[in-house]
Amino acid sequence: MTKLDIRQIPVLSDNFIYLAREPDTGCVAVIDPALAEPVLAEAKRLDWRITHILNTHHHPDHVGGNLEIKKATNCTIVGPAHDPDRIPGMDIQVKDGDMYDLGATQMQVFFVPGHTRGHIAYWSKDTAALFCGDTIFSIGCGRLFEGTPQQMWTSLQRLRELPPETRIYCAHEYTEANIRFSLTIDPNNMALLRRAAEVKELRAKGKYSVPSLLGEECAANPFLRADNPELAEAIGMEGKNAVDVFAEIRRRKDIF
Ligand code: ZN
Ligand code: FE
């Protein structure tokens with residue numbers, strides 16, 4: 001078992017790019033490079049040689065650095081087979097259930113449509129790390145640009161089944177805004193109130209609120225709790241099915 005050494009690179013207004021190094025072989029993956037320059041600079045500073053790019057979905061703030069990084073490093077670009085035409089420079093297509101070898105460790109691929117129709121996530125069991133792009137955010141989830149509430153809810157339910165100690169390496173620092181919204185629909189949730197206090201303190205110190213722990217998200221993130229009867233009741237949807245509750249929470253967030 002080999003654990004990834006993960007570094008977080010903040011770029012643009014609120015994006016995170018990740019570098020993940022597999023220590024046995026020295027393989028280094030960049031996850032969702034919005035830009036090339038800060039990634040190449042950080043790799044140089046760390047003396048890490050980039051061998052892979054792993055993309056979760058096609059949005060520019062996730063693939064914008066692909067071609068320039070590939071040109072500079074000759075790395076292999078891995079992305080969703082479910083979205084073959086929209087990932088610049090893709091060399092390897094992976095699909096749901098694939099185990100992609102990153103040096104001596106493996107990344108398990110989950111097909112998680114909803115935010116986009118081709119979105120995937122990468123899970124390292126050895127590291128207890130999930131790179132989920134714009135599917136789960138801390139106390140939030142991605143907007144439904146191309147998918148239905150049913151698709152996104154199914155995707156979230158699958159990711160929710162991962163071990164609670166899994167760290168959620170999402171692609172944006174949206175947590176404070178997500179908390180402001182979530183408190184309007186789930187104001188008495190102790191786990192959410194705890195998270196709100198914690199994030200307030202982190203952000204006041206200039207620290208990031210990402211990664212977060214899946215176990216804590218399951219208790220505090222309303223988008224992962226659409227099948228919770230108390231939450232349904234809190235938004236006046238007592239007895240409604242989880243997809244409808246999820247769709248309503250997402251709709252309210254979209255106009256918040
Ligand atoms: Zn996106
Ligand atoms: Fe994004």
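In what follows, residues are counted from 1 in the order of the sequence shown. Note that the structure is predicted; figures quoted are calculated from it, not measured.
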[X] [atom1] to [Y] [atom2] distance, which is reported to the nearest 0.5 Å:
X: N221; Y: L214; atom1: CG; atom2: CG; value: 9.5 Å
X: I139; Y: F223; atom1: CD1; atom2: CZ; value: 10.5 Å
X: S138; Y: I168; atom1: OG; atom2: CD1; value: 9.0 Å

Stepwise ring pair (Phe, Tyr, Trp, His ring centres under 6.0 Å) check, Y100 with Y122
CA-CA 9 Å; Y100 186 76; Y122 300 88; 7.9 Å; no

How would you list, by chain and number, every residue that makes a side-chain hydrogen bond (donor to acceptor under 3.5 Å, both in side chains) with [X], sequence neighbours excluded?
X: R158; result: D96
X: N228; result: none
X: T25; result: E22
X: T154; result: Q150

Between K205 and E201, is a salt bridge (charged side-chain N to carboxylate O under 4.0 Å, His left out) present by the stated rule, with each step listed?
CA-CA 6 Å; K205 288 183 190 156; E201 200 178 317; 3.4 Å; yes

Who are the ring pair (Phe, Tyr, Trp, His ring centres under 6.0 Å) partners of F145, not counting sequence neighbours?
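Checked F145 against ring pair (Phe, Tyr, Trp, His ring centres under 6.0 Å); matches are H59, H115.
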
[X]: salt bridge (charged side-chain N to carboxylate O under 4.0 Å, His left out) partners, not counting sequence neighbours:
X: D24; result: none
X: K95; result: D98
X: R180; result: none

Would you check, one step at a time, whether the test side-chain hydrogen bond (donor to acceptor under 3.5 Å, both in side chains) holds for D126 with T105?
CA-CA 7 Å; D126 291 350; T105 194; 3.0 Å; yes

Can you tell me if N55 uses its side chain to pair, donor with acceptor, with the backbone of H62 under 3.5 Å?
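Judged by distance alone, yes, a pair lies under 3.5 Å.
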
Any donor-acceptor N/O pair, S155 side chain to P113 backbone, under 3.5 Å:
yes

Do L4 and V210 share a hydrophobic cluster (ILVMFWY, side-chain heavy atoms under 4.5 Å, transitive)?
yes

Does [X] come within less than 4.0 Å of [Y], counting only side-chain N to carboxylate O?
X: R203; Y: E176; value: yes
X: K70; Y: D91; value: yes
X: K71; Y: E68; value: no

Hydrophobic clusters join Ile, Leu, Val, Met, Phe, Trp and Tyr when side-chain heavy atoms are under 4.5 Å apart, directly or via other members; which others share one with [X]?
X: I53; answer: I9, V11, L12, I17, L19, V28, V30, L35, V39, L40, L46, W48, I50, V63, I69, I77, I87, M90
X: M99; answer: none
X: Y174; answer: F137

Evaluate the criterion side-chain hydrogen bond (donor to acceptor under 3.5 Å, both in side chains) for residue pair T116 and R86; output intermediate values, then yes/no.
CA-CA 11 Å; T116 70; R86 299 193 291 183; 5.0 Å; no

Any side-chain heavy-atom pair of S124 and Q106 under 4.5 Å:
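Side-chain contact under 4.5 Å: no.
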
Where at least one partner belongs to residues 160-169, residue pairs that pass side chain to side chain donor-acceptor pair (under 3.5 Å), sequence neighbours excluded:
R160-D227

Tell me if the CD atom of E230 is crowded by more than 12 foreign heavy atoms within 6.0 Å.
no

More than 12 non-hydrogen atoms from neighbouring residues, nucleotides or ligands closer than 6.0 Å to CZ on R49, yes or no?
no

No-hydrogen, no-angle side-chain donor-acceptor test under 3.5 Å, D32 and H57
no

